[in-house]
Student: 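Attaching a single structure in C-alpha cells format; questions to follow.
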2 protein chains.
Amino acid sequence: MELRTLGYFVAVAETGSVSAAADVVHVTQPALSRQIRQLETELGVELFTRAGGRLQLSAAGRQFLPHAQDVLRRADGARNAARSYAAGRLERITIAAPTTTLTDVIAPFLATLGRDDPMPTVSESDPREAYDALRHGADLAIATEPPPARLASTALAVLPVWAYVRADHQWHDRDSVRLKDLATETVLALTPAFKPRQILDRAMERAGVSPGTVVDCSNPQVAQALAAAGRGAAVVSDDPRFGLHPLEIVGRDGPLRIELFAAWEPGHHAAETLGELAARLRLFCVDRYGADVAPTG
Amino acid sequence: MELRTLGYFVAVAETGSVSAAADVVHVTQPALSRQIRQLETELGVELFTRAGGRLQLSAAGRQFLPHAQDVLRRADGARNAARSYAAGRLERITIAAPTTTLTDVIAPFLATLGRDDPMPTVSESDPREAYDALRHGADLAIATEPPPARLASTALAVLPVWAYVRADHQWHDRDSVRLKDLATETVLALTPAFKPRQILDRAMERAGVSPGTVVDCSNPQVAQALAAAGRGAAVVSDDPRFGLHPLEIVGRDGPLRIELFAAWEPGHHAAETLGELAARLRLFCVDRYGADVAPTG
DNA sequence: TCGGGACTATGCTCTGCAGGCATGGAACTG
DNA sequence: CAGTTCCATGCCTGCAGAGCATAGTCCCGA
C-alpha cells in the first residue's frame with residue numbers, strides 16, 4: 001500500500017470506472033486495473049464488486065474510501081508543509097532562554113504574537129548552554145553571553161541589575177546605590193549560576209570592594225521576598241514585586257548591566273523569519289524597558 | 001513521496017542515524033542514504049544537516065517529522081480498517097427504509113445501539129426501490145415487499161394497518177372495524193405511493209367493497225391530524241398521535257397487515273454482522289409491537 | 001600525530017515491478 | 001446481431017530501488 005496506490009483507488013472509486021480513472025491519474029487502463037487488484041489482494045478485502053463487466057464500489061470499499069482519502073489529504077498537507085518550509089516559513093518555533101528571561105521578557109513577548117506567527121514553544125535552558133540548545137531542537141536562543149561568531153544574532157537589550165529595597169528603607173529616596181555602599185547592607189544575591197550574581201561578583205572584584213553579608217537565594221522571587229521582609233537588598237534583574245523600590249547599582253564602569261542576545265543558526269531554513277522575530281523582540285524590549293537598548297546589530 | 005519513503009525518514013529521524021535506521025527498516029545503509037536525499041530533493045527541503053559526517057535533523061526536518069508521523073499513523077489506521085473489514089467488521093452502516101418505518105421503527109431501534117455497534121446512517125428510500133438501494137450505498141434495506149430471493153433477508157414484523165378515529169367517534173368503544181363499515185366513513189388515506197394505501201386498496205378490491213369518500217393525504221401525520229379534527233378515519237401504519245383511538249381493519253382474509261422485511265447482499269463483507277443486526281431489529285419489533293411477529297426466518 | 005572505528009556518500013550492477021501495448025471476453029444498446 | 005464500452009490478461013520494456021564494494025570524513029584515543 002503506497003500513496004500512489006491509494007490515489008488510484010480513490011480515483012477509481014470517485015470516477016466509478018477504471019477507464020475514466022486511468023485518464024485522471026495518467027496511466028493506462030490495464031495498469032490501473034492491475035494495481036487495484038493488487039491493492040485488494042494486499043489488503044485482503046474486495047474493494048469493488050465485478051458485476052457484469054463493470055466495477056462497483058463494494059460495501060467494504062465504501063468504508064475504506066474515507067480512510068484512503070484521509071491519508072491522501074494528510075500526505076498533501078505534509079507536502080505543502082514541506083513546500084512552506086522551503087519558502088522559509090516556520091509553523092512552530094522553539095525558543096530557548098534562561099528562566100528569568102523566559103518569564104520577564106519572552107512570555108510577555110509571546111503574548112504579542114499574532115495568528116500568522118509561528119506557534120511558540122519555550123524551553124528553559126541553562127544560560128551557559130543556551131546556544132547549544134540550537135543544536136538540540138531550539139530555533140532561537142536567548143542568552144546573556146555574547147553569541148559565538150558562527151551564529152546569526154541580534155543584541156536585544158541592556159537591562160539594569162537592580163538592587164531592590166523595601167519602600168521604608170533608608171535608600172528609599174535614592175535612584176541608585178554605589179557598590180561600596182551596597183556592601184554595607186545585607187545583599188540578597190542569587191546563586192552563582194545566575195548571571196546577575198556573576199555580574200555583581202565581577203563588578204565588586206573590579207572595584208576592589210569586598211562584599212559584606214551575602215545571602216545566596218536560589219531564585220529571584222525568594223530574593224525579592226526577603227527584601228520585602230526587610231532582610232536586605234535583593235540584587236536581581238527581574239521586574240520588581242511586592243512594591244519594592246528599585247536602585248541602579250553603580251560600579252567602577254557605571255551602572256551594573258546585563259546584556260541580552262538572540263541567536264540562531266544562519267543555515268536555518270527560516271533564518272530570515274527568525275531574524276525578523278528577533279528584531280521584533282528587540283523593539284518589544286525597547287517599549288518595555290525604555291531606551292536601554294544596545295545599538296549593535 | 002511514498003509511504004515507504006516517509007517511513008524511512010521517520011526511522012532515520014527517530015534513530016538519529018542512517019546506519020541505525022537501516023537496521024530498523026531492513027534495507028542497507030546506502031539505499032537508505034539515497035532515499036533520504038531523494039526525498040529532500042523532491043520536497044525541496046533539507047531535512048537533515050550533514051555536519052561532520054553525521055546526520056542531524058534540521059529545523060525543517062523537525063517541523064516535518066510530525067507531519068510524516070501523522071501520515072504514517074493514518075495509513076496504519078487505514079490498513080487496520082481494511083483488516084477489520086476483511087474480518088467482517090462494520091464501522092458504519094447505512095440503512096435504507098421508507099419514511100414511516102424510519103421514524104417509527106428504525107429511529108427508536110438506533111437509539112438502542114451501543115458503542116461497539118457500527119455508526120448508523122439512514123437513507124430514506126421509496127418503498128419499491130429499497131432493495132435497489134443496496135446497490136447504491138445501503139448496507140441494510142428495510143421494506144414492506146418480500147425481498148427477492150438473491151438477497152439474504154429476515155422477516156421483521158407484521159404490523160397492523162390501523163384506522164384511527166377521534167376518541168368521541170361512534171366507534172370509540174370498538175377494537176376493530178370491518179372494511180365495508182369503513183367504507184361508510186370518510187377515509188383519510190395516504191397517497192397510493194404508500195404501502196398502507198396499497199394494502200387498503202387491494203383488500204377493498206378483494207372484498208368487493210367499493211370505497212366511499214377517500215381523501216388522499218401525502219403524509220401520515222396529516223392524515224392523523226385530520227382524523228383528530230373529526231374529519232374521518234385515518235388509515236395508516238404509524239404509531240397513534242393526538243390521542244386517536246386505534247381500530248384494526250378486518251377484511252375478507254382477516255385484519256389488514258403490513259409486513260416488514262430486512263434484506264442485505266449475501267456477498268456483503270459483513271453479511272454476518274448484518275444478519276445479527278437484523279435479528280436484533282426483529283426482537284426489537286417484538287418488544288415494541290407485541291407478538292405480531294412473523295415466524296419466517 | 002597517527003591509526004582505527006563509526007558513519008555517510010557514491011559508483012556500479014542487478015532485479016523486480018510498474019506501466020505500456022495488444023488483445024480477449026463480457027455485458028449493455030440499438 | 002453488430003457495435004460500443006469496459007475490464008482482464010499476456011507479453012515486453014524501462015526504471016527505480018536495493019545490494020555490494022569502496023571512498024571520504026570526522027572523532028577519539030593511544
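Small disclaimer: the values here were computed from a predicted structure and weren't measured.
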Student: Find every protein N or O atom lying less than 3.5 Å from an N or O atom of nucleotides 13-17 of chain D, and list the pairs.
Tutor:
unit_1 : atom_1 : unit_2  : atom_2 : d
D:dG17 : OP2    : B:Gln38 : OE1    : 3.2

Student: Closer than 4.0 Å, any side-chain N/O of B:Ser17 to the OP1 or OP2 of C:dA6?
Tutor: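 Looking at the OP1 and OP2 atoms of C:dA6, neither is under 4.0 Å from any side-chain N or O of B:Ser17.
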Student: Expressed in angstrom and rounded to an integer, what is the separation of B:Glu40 atom CD from C:dA9 atom C1'?
Tutor: 13 Å
Student: Expressed in angstrom and rounded to an integer, what is the separation of A:Leu32 atom CG from C:dG20 atom P?
Tutor: 10 Å
Student: Grab the CG-P distance between B:Leu57 and C:dC7 for me, whole Å please.
Tutor: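 So the two atoms are 17 Å apart, to the nearest Å.
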Student: Determine whether a donor-acceptor pair (N or O, by modelled atom type, separation under 3.5 Å) exists between the side chain of B:Glu259 and the backbone of B:Pro146.
Tutor: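 No, because the side chain of B:Glu259 does not come within donor-acceptor range (under 3.5 Å) of the backbone of B:Pro146.
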Student: What integer distance in Å separates A:Ile36:CD1 from C:dG19:P?
Tutor: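 It is 11 Å, rounded to the nearest whole Å.
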Student: Any side-chain N or O of A:Ser33 less than 4.0 Å from the OP1 or OP2 oxygen of D:dA8?
Tutor: yes
Student: Test your reading of the model: is there a side-chain donor-acceptor pair from A:Tyr131 to the backbone of A:Glu145, 3.5 Å cut-off?
Tutor: yes
Student: So, using salt bridge (charged side-chain N to carboxylate O under 4.0 Å, His left out) as the criterion, who are the partners of B:Asp70 when residues are at least two apart?
Tutor: A:Arg74, B:Arg74
Student: Whole Å only: how far is the CD atom of A:Glu2 from the P atom of C:dG19?
Tutor: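 After rounding, the reported distance stands at 12 Å.
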Student: So which protein N/O to nucleotides 21-27 of chain C N/O distances come out below 3.5 Å?
Tutor:
none

Student: Rounding to an integer number of Å, can you tell me how far A:Asp23 CG sits from D:dC6 P?
Tutor: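 For the pair A:Asp23 CG and D:dC6 P, the rounded distance is 10 Å.
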Student: Tell me: CD of B:Gln56 to C1' of C:dC7, nearest whole Å?
Tutor: 14 Å
Student: A:Gln56 side chain to A:Phe48 main-chain N or O, any donor-acceptor pair under 3.5 Å?
Tutor: no
